[in-house]
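Read through the structure below, which is laid out as structure tokens, and then see the notes.
All values below were derived from every heavy atom in this structure, side-chain atoms included, with hydrogens, water molecules and symmetry-related copies excluded.
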Amino acid sequence: MPAIEAVGMLKESPKDGTAEGRLFRIAYKSRAHPGCDLASAGAMAAEDALRNRDRNVTGVLLFERGWFLQWLEGPARTVLSLASAIRTDPRHGEMQILSAGATDERRFAGWPMRLAPPSGPLADRADFDAATAALAFDRAAALYREECGGEADWRDLADGFVRDLARAPEEAVPDLPPSALETLSARAGFVDALCAALAAAWHASALSGFEVTLATVRLNRLLLRAGRPATSLAPKGRVLVLAPYGCTEIAGAIAKTDLLRQAGYSVRMVPWASGAALDDAVGETGSCPVIVYAGRVGIGTKDAMRGAALAERLSARMPGRTVLLGGRDAGPLCDWSHRLAFLAQQLPTGADPAADPALRTRQRV
């Protein structure tokens with residue numbers, strides 16, 4: 001089915017200031033043509049950027065060891081047409097759509113197209129998968145936020161907020177800064193910065209373990225009190241969050257759960273998951289993704305080991321289910337909703353987004 005025909009099935013619900021239907025995202029991998037190097041990949045990205053300004057398309061291009069990995073986002077009609085054109089472009093071989101579907105927001109809104117530095121996860125192998133791609137795009141998104149999102153501002157604000165959060169009398173604990181409550185991305189970025197500041201203070205013995213724990217509990221309470229952003233987001237499905245038995249950072253797992261709910265997910269969280277409670281949660285949540293929490297501040301040195309062990313057991317027990325390991329080394333909180341959507345919207349190997357009937361539903365959801 002031609003791209004134009006597939007998008008014709010869309011319910012006309014303009015988003016993102018366009019009249020072309022729902023905001024849509026496609027990510028693919030392809031083998032670069034022989035002789036392509038980093039310089040020619042950069043020239044390709046610059047050429048695409050000039051065209052994409054008029055198309056209202058944004059995204060990022062990665063190139064490493066002979067493979068392209070690209071994220072395209074914009075009006076559904078335009079993005080699907082671009083994907084169809086790339087299939088026949090001689091600069092791309094073995095093209096495979098890794099993930100495609102409607103999205104609530106742009107991830108690279110300030111980049112009509114940009115070549116990101118090599119990310120590490122890309123490898124010269126035909127079975128390069130969606131899970132690896134998701135991590136590569138997370139790293140590109142971190143670069144984007146560095147350049148366009150003001151991460152340094154969150155760090156500065158967090159450094160000044162941490163001491164009051166950990167040591168102020170109960171009645172004097174300040175409210176969260178208004179600038180940190182405007183969007184989901186802002187909340188997640190501020191929580192990340194606070195956790196990093198708490199970890200640094202604890203490792204430097206500037207705060208005690210009790211003070212750090214008290215700060216994380218207060219942070220969670222402040223997030224709950226602030227409520228959710230006013231933006232209405234489409235439901236994105238279910239997620240199971242497990243905090244392993246014996247973990248020391250329950251409040252951090254609660255903060256992750258709340259942020260995912262704000263992103264549109266229905267989340268079940270099980271603290272100190274073990275035995276019957278763990279079995280029931282796994283059985284009752286069907287095939288939805290599982291996130292095993294492993295500690296974000298890092299005050300409990302065994303939390304990471306507990307989380308990794310539980311994630312490994314669950315992966316072996318449920319080989320067809322997505323099991324993800326959270327925690328300090330698992331990337332910024334603001335990337336989790338994108339990562340979950342990316343994995344949930346995978347397409348079968350060889351699927352054409354312009355012809356796949358499943359995309360008709362994804363474009364309307």
Side-chain angles (χ1 to χ4, degrees), residues 138-139 142 145-146 149-177 179-181 185-226 241-260 262 269-274 291-311 324-336:
D138 284 355
R139 288 171 170 81
R145 290 192 301 273
E146 248 183 70
E151 284 199 338
D153 293 338
W154 294 131
R155 290 193 292 267
D156 292 342
L157 193 57
D159 287 342
F161 195 82
V162 158
R163 189 164 295 273
D164 283 340
L165 198 61
R167 290 185 173 173
E170 190 63 29
E171 65 277 7
V173 176
D175 290 330
L176 292 172
S179 59
L181 299 175
S185 179
R187 291 177 187 229
F190 189 57
V191 169
D192 278 331
L194 280 172
C195 288
L198 286 168
W202 181 69
H203 285 293
S205 299
L207 292 176
S208 68
F210 171 79
E211 288 171 328
V212 171
T213 300
L214 176 63
T216 61
V217 171
R218 285 174 165 178
L219 170 61
N220 179 62
R221 189 186 65 211
L222 290 173
L223 287 167
L224 292 175
R225 183 192 299 168
V241 175
L242 301 174
Y245 183 83
C247 71
T248 60
E249 290 186 39
I250 298 293
I254 295 172
K256 179 189 288 290
T257 297
D258 190 56
L259 286 164
L260 288 173
Q262 291 169 13
M269 184 212 165
V270 181
W272 279 37
S274 65
I291 299 175
V292 179
Y293 185 70
R296 183 156 287 271
V297 175
I299 189 171
T301 55
K302 293 184 179 179
D303 279 357
M305 291 186 288
R306 290 189 185 100
L310 179 56
L324 303 171
L325 183 61
R328 187 171 53 176
D329 298 326
L333 285 171
C334 57
D335 288 322
W336 273 95

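- Side-chain atoms of Leu176 and Phe161, non-hydrogen and from C-beta on, do get closer than 4.5 Å to each other.
- Here the closest non-hydrogen pair linking Trp154 and Ala180 is CH2-CA, 3.6 Å.
- Rounding to the nearest 0.5 Å gives a distance of 10.5 Å between NE2 of His203 and CG of Leu198.
- Here the side chains of Ser179 and Leu157 are in contact, with some heavy-atom distance below 4.5 Å.
- Residues Ser208 and Glu211 approach most closely at N-OE1, 2.8 Å, considering heavy atoms.
- Summarising the geometry, atom CZ belonging to Arg221 is positioned 8.5 Å from atom CG belonging to Leu165; distances are rounded to the nearest 0.5 Å.
- If you take CG on Leu214 and CD on Glu170, they are separated by 7.0 Å, rounding to the nearest 0.5 Å.
- Ala243 and Ala253 make their closest contact through CB-CB, 4.3 Å (heavy atoms, listed as atom of the first residue, atom of the second, distance).
- How far CG of Leu223 is from OG1 of Thr257: 12.0 Å, rounded to the nearest 0.5 Å.
- Annotation: the span from Arg306 atom CZ to Tyr293 atom OH amounts to 13.0 Å, rounded to 0.5 Å.
- Of all non-hydrogen atoms in Leu325 and Ala308, the two that sit nearest each other are CD1-N, 3.8 Å.
- The shortest non-hydrogen separation linking Pro332 to Arg145 is CG-NH2, 3.2 Å.
- Between Leu181 and Ala226, the shortest heavy-atom distance links the atoms CD2-CB, 3.8 Å.
- Using a cut-off of 4.0 Å between Lys/Arg side-chain N and Asp/Glu carboxylate O, Asp164 and Arg218 are scored as not salt-bridged.
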